[in-house]
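Model, not experiment: these values are computed from the prediction. Heavy-atom basis, side chains included; hydrogens, waters and symmetry copies ignored. Below, chains carry the letters A, B, ... as their sequence lines are ordered, and counting in each starts from 1.
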Protein chains: 2
Amino acid sequence: MEATKRHRRKMQSVTMMDVAERAQVSPSTVSLYLRKPDAVSATASRAIAEAIDALRYVPNLMAGGLAAASSRAVSVIVPSVRNAFFAETVATMQAELGKERLQVMLGHSEYSEREEENLVKMALSWKPAAVVLTGLSHSATTRRLLKDGNVPVLELWELGREPIDMAVGFYHEQVGSTAATHLVQRGRKRLLFLGARLQEDRRATLRADGFLKTARETEGVSAEIVQHPAPANAAIGAMLLAEAIRKYPDIDAVACSNDHIALGVIFECQRIGVQIPERLSVIGFGDLSFSAACNPALTTIRPPGDLIGTEAARLILDRIHESGRAASSVIDTRFTLLQRQSS
Amino acid sequence: MEATKRHRRKMQSVTMMDVAERAQVSPSTVSLYLRKPDAVSATASRAIAEAIDALRYVPNLMAGGLAAASSRAVSVIVPSVRNAFFAETVATMQAELGKERLQVMLGHSEYSEREEENLVKMALSWKPAAVVLTGLSHSATTRRLLKDGNVPVLELWELGREPIDMAVGFYHEQVGSTAATHLVQRGRKRLLFLGARLQEDRRATLRADGFLKTARETEGVSAEIVQHPAPANAAIGAMLLAEAIRKYPDIDAVACSNDHIALGVIFECQRIGVQIPERLSVIGFGDLSFSAACNPALTTIRPPGDLIGTEAARLILDRIHESGRAASSVIDTRFTLLQRQSS
DNA sequence: TGGGCTTATCATAGCGCTACGATTTAAGAA
DNA sequence: TTCTTAAATCGTAGCGCTATGATAAGCCCA
């Protein structure tokens, strides 16, 4: 025994080398086949495919990522996937990115910039193919990390100020404005905005702002706001309506920061005998799964959560494929007003 | 020039080596500090921490994972995060695992075993610290991959047959049985189960089975089922109730496969003037955000989505820490009946 | 004072893959 | 047939880190 080996290591059962050997090609060719199948001849492709199958080869993406200095993971950070809006976008993105074998890494900021910053730091450790954030407000450190990180960055669900890199979403002030205009067109004069958790949900605040601004700029129309710091749900909605009627007995229309609130309003009106829409018009935001089935069916504004996801995925894939490009994109997905019975 | 270097490589700006140099220790010590801070002296720790901070060092987890032959990623595969139940569990798991710097990699099977299999293959390429699946039904290949993969495996949200490795959840037949027993105790005799997408949602089917079995075993009680293949939502719920009343005019209680269906039932009853609970008792499943605020408030069974997430995270962390253990665990989280006005 | 511990630190050999440039082969053109 | 050019394929040096075992430094008690 000549050499006294001191080191030993566990290892992966089947490596690319094994595949190469069986297919009678070099490891480089196997690697090429896996990354760009078109660049490999039909003969080689067949042999490699057979070998992969026979050996049950599973590529090691950590090794690949290390060698390539970038991984096939996309870090997606949302306030919470418990929120149906973001769940829709995350689900759509995962489906689209999964087709190209990109992995979604999920993080929840819980509406905290501090937490978002931690998640971004963690994400960067993975050399992700892209980092996806929600909204346009981030800590200075987050911004710096992302700009220095030399990584495609997407900001979803909000348009307005300058994005770090790319953005897909819509203008929330416009949502509020559209709601106000709609109610006015329906002949309403005493408008009210019902909001929950506005201190944390910047986008809901923008909707409220747009609503109040547009309403107050209209001749002969008044607009007030009633809010609560708790997260939006139907119970809060019911509570808010009760409070609103106490404070402003003559209101004839309410816009809600989302459909959960609106659902609570509908229930509360049933209980206290307020007729919708005769006595009170109601408009929500979200078009959640129950909105069309309410009694009365809820007029609402539908944000395109799925479209945001597909567009985001498309931008990421574009960036990956034509890696040279630096064009920064902003996509306005718009939103849709769905008029139903409640207004 | 002696050597003609042919190779060149881009690289990470700051590596562990840079940190080691600045802190006047070896790279090994830095690595140790990062993985087990307690094993490093206070002096060294301070110097390393300072260096990391000053250089803004970001560890490369791909390199770490490759060297360690396992990553700090946990692959979580759920039918869809659009479903509030799974969203709750995913969110909770991410929060718990994130504390220990584990990344959640998300996949959506869309209730397809074929798709789940693909996702598991992709997941395994990352050498995850654990693989988390939903339910106990998987393709044979999925099972084999996971067993050969030498990876901790968790199956959530369902108990019953033998798990691959560990399982956290509850018995869905028990849920159905509990619902039936409750309605009988409230004096109901003509029971009905309203279900959506039962062909795909195995767990909803188990609830239906448990419900029908228990009801039919009870003296003087009858039970029927009405279902629809579309995904559960309030509109389907309303439709199902209308159909149910047409088919079985004398029913006095309905159990719904989830609260979305129950919400539709409530709305439909309001429209057609059926009094809840006087004429008809209603019980749901899920305790969704609106359930307590309905009119009338909905009696429902609450599955502990958050508990499932925390318990799952705990099991994974336990496995990582005491890596020798092979004890396979099954945790029954139970569920809670919430009696409200609708029954 | 020194032997036997424990504790802290270190040097080094890969982990499995991809990028790079070089080399071989195939296909046309002359 | 030879030369040129394009298409396939190959050889190899790392990517940045961790596991391993070795060494050095403290510490206790005889």
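Salt-bridge annotation for A:R82 and A:E110: present, with a side-chain N of the basic residue lying under 4.0 Å from a carboxylate O of the acidic one. We find that A:R314 and A:E96 are not joined by a salt bridge, their nearest charged nitrogen and carboxylate oxygen being 4.0 Å or further apart.
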The test is side chain to side chain donor-acceptor pair (under 3.5 Å); show your working for B:T92 and B:T89 and say whether it passes. CA-CA 5 Å; B:T92 309; B:T89 299; over 6 Å; no
For B:L133 and B:E116, what are the C-alpha separation, side-chain angles and deciding distance, and is it a side-chain contact (heavy atoms from CB on, under 4.5 Å)? CA-CA 9 Å; B:L133 302 176; B:E116 183 183 63; 4.1 Å; yes
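Put simply, the residue from B:V74, B:D165, B:L146 that forms a side chain to side chain contact (heavy atoms under 4.5 Å, CB included) with B:P152 is B:D165.
Between the OG atom in A:S41 and the CD1 atom in A:I48 there is a gap of 7.5 Å [rounded to 0.5 Å].
Between A:I48 atom CD1 and D:dA8 atom C1' there is a gap of 11 Å when expressed in whole angstrom units. Rounding to whole angstrom units, CG of residue B:L66 and P of C:dT18 are separated by 11 Å. Rounded to a whole Å, the CE atom of A:M16 is 13 Å from the P atom of D:dC10.
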Hey, can you pull the donor-acceptor pairs under 3.5 Å for the side chains in residues 121-129 of chain B, sequence neighbours left out?
unit_1: B:S125; atom_1: OG; unit_2: A:P59; atom_2: O; d: 3.4
unit_1: B:K127; atom_1: NZ; unit_2: A:Q12; atom_2: OE1; d: 3.2

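Looking at residues two or more places apart in sequence or on another chain, you find a salt bridge (Lys or Arg N to Asp or Glu O under 4.0 Å) between A:R22 and A:E50. With sequence neighbours excluded, no residue forms a ring pair (Phe, Tyr, Trp, His ring centres under 6.0 Å) with A:Y33.
Side chain of B:E155 to main chain of B:V168: no donor-acceptor pair is present (N/O by atom type, distance under 3.5 Å, no hydrogens or angles).
Relative to the axis of its first five pairs, the axis of the last five pairs of the helix from C:dT1-D:dA30 to C:dA30-D:dT1 sits at 30°, rounded to 10 degrees.
DNA chain D is contacted by B:S28, B:S31, B:R35 of residues 17-47 of chain B, taking any non-hydrogen atom closer than 4.0 Å. Taken residue by residue, residues 52-64 of chain A places no heavy atom nearer than 4.0 Å to DNA chain D.
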